[in-house]
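All heavy atoms count here, side chains included; hydrogens, waters and symmetry mates do not. Order of appearance sets the numbers: ligands from 1, and atoms from 1 within every ligand. These figures come from a predicted structure and were not determined experimentally.
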Amino acid sequence: MHTVFSDGRVWPTIRVEEAWREGLDVIAITDHIEYRPFRQDVVGDHNRSYEIAKPLADKLGIVLIKGSEITRAMPPGHSNALFLKDCNALDTKNYMDAFNEAKKQGAFIFWNHPSWWNQQPDTTLWFKEHAELLKNGMMHGIEVVNGGDYCELSHKWSIEKNLTLLGTSDVHNPIGMDYDLANGERRPMTLVFAKERTEAAIYDALMNRRTAIYFQNKLIGNDSYLKPIADASIRVERVERNGRRVSVTLYNNSSVPLTLTKVKGNDPNLAFFREIEIKPHSFINFNINETMETKADRFALKLEVSNFWVAPNKALPYILDVVESQRLSQQ
Ligand SMILES: [Zn+2]
């Protein structure tokens, strides 16, 4: 996120308060090192936005990560360095000196908006400079989502090159100017699977690729993370047979809508929906109609959670296990 200490339009404490109102746990302000249009009006100290925001973050219980955006021409373009100790040390003439310094400070570094039209006007390219950064331990992650944009190629690279997936708002305006919060719209977020709510645990998770992305009611990430989320979210609440018709009630125990889509390979004797959406914390009913009555009390429906993306153009496969004796659970 940006503040007036680079090209953002808000004071640093506002970023903390916005995050608190949206229920975020962890944020990072990463003002541009090299681009500060308000340099006449604010001090040229790259640590300052963090220092101003930190007391309020502590008071509101938000983990504020210190960072900067290394803002260079393509290649290598822009990168965020998080967990910095002194952002001023990244203010160097050559970009490699800035990356070396970030590495020396133990930063988690990720490539920002690789497909940004301003720097990659026609096609999104992986330059030899990026290969060099990766090889030298100066690229740990990549933005797959930036603001309103999902980059399929970044998603592919994150898998091929073993990079941490990041989804960021990169917000410059007051958050409510870019997102319709009152109507439930939310900024993109990185879900960090940290073992504790501490900077050290968050650092460990980021360095070890334990993230997924929440973006426009979709989750993007490795199936080893999205599968347990789907399992914990989808509950079969009730199953009742009436002749050839089996009616099923599902519950979505999550804050994300779930789109369940039928895939190939289902029992041809069973007719059921092509696609259903279960709203967050809501129930839905559907029927399974048997062409020939079997009196079976268990069905394994082959589906996918089509708003959970485990790779470009690949949704999470999901077997819905419907057991007739199931009744309202105590959960
Ligand atoms: Zn940028």
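The heavy-atom pair separating A131 from W126 by the smallest distance is N-NE1, 3.6 Å.
Look at H32 and the Zn ion (ligand 1): no N/O/S atom of the residue is under 2.8 Å from the metal.
N252 and S282 share no donor-acceptor pair across their side chains, judged by distance under 3.5 Å alone.
Looking at E69 and the Zn ion (ligand 1) together, the shortest N, O or S contact belongs to OE2. Within H78, the N, O or S atom lying nearest to the Zn ion (ligand 1) carries the name ND1.
For the pair K262 and F272, the cation sits on the ring face: its NZ or CZ lies under 6.0 Å from the ring centre, inside 45° of the axis.
A centroid separation of less than 6.0 Å is found between the aromatic rings of F193 and Y225.
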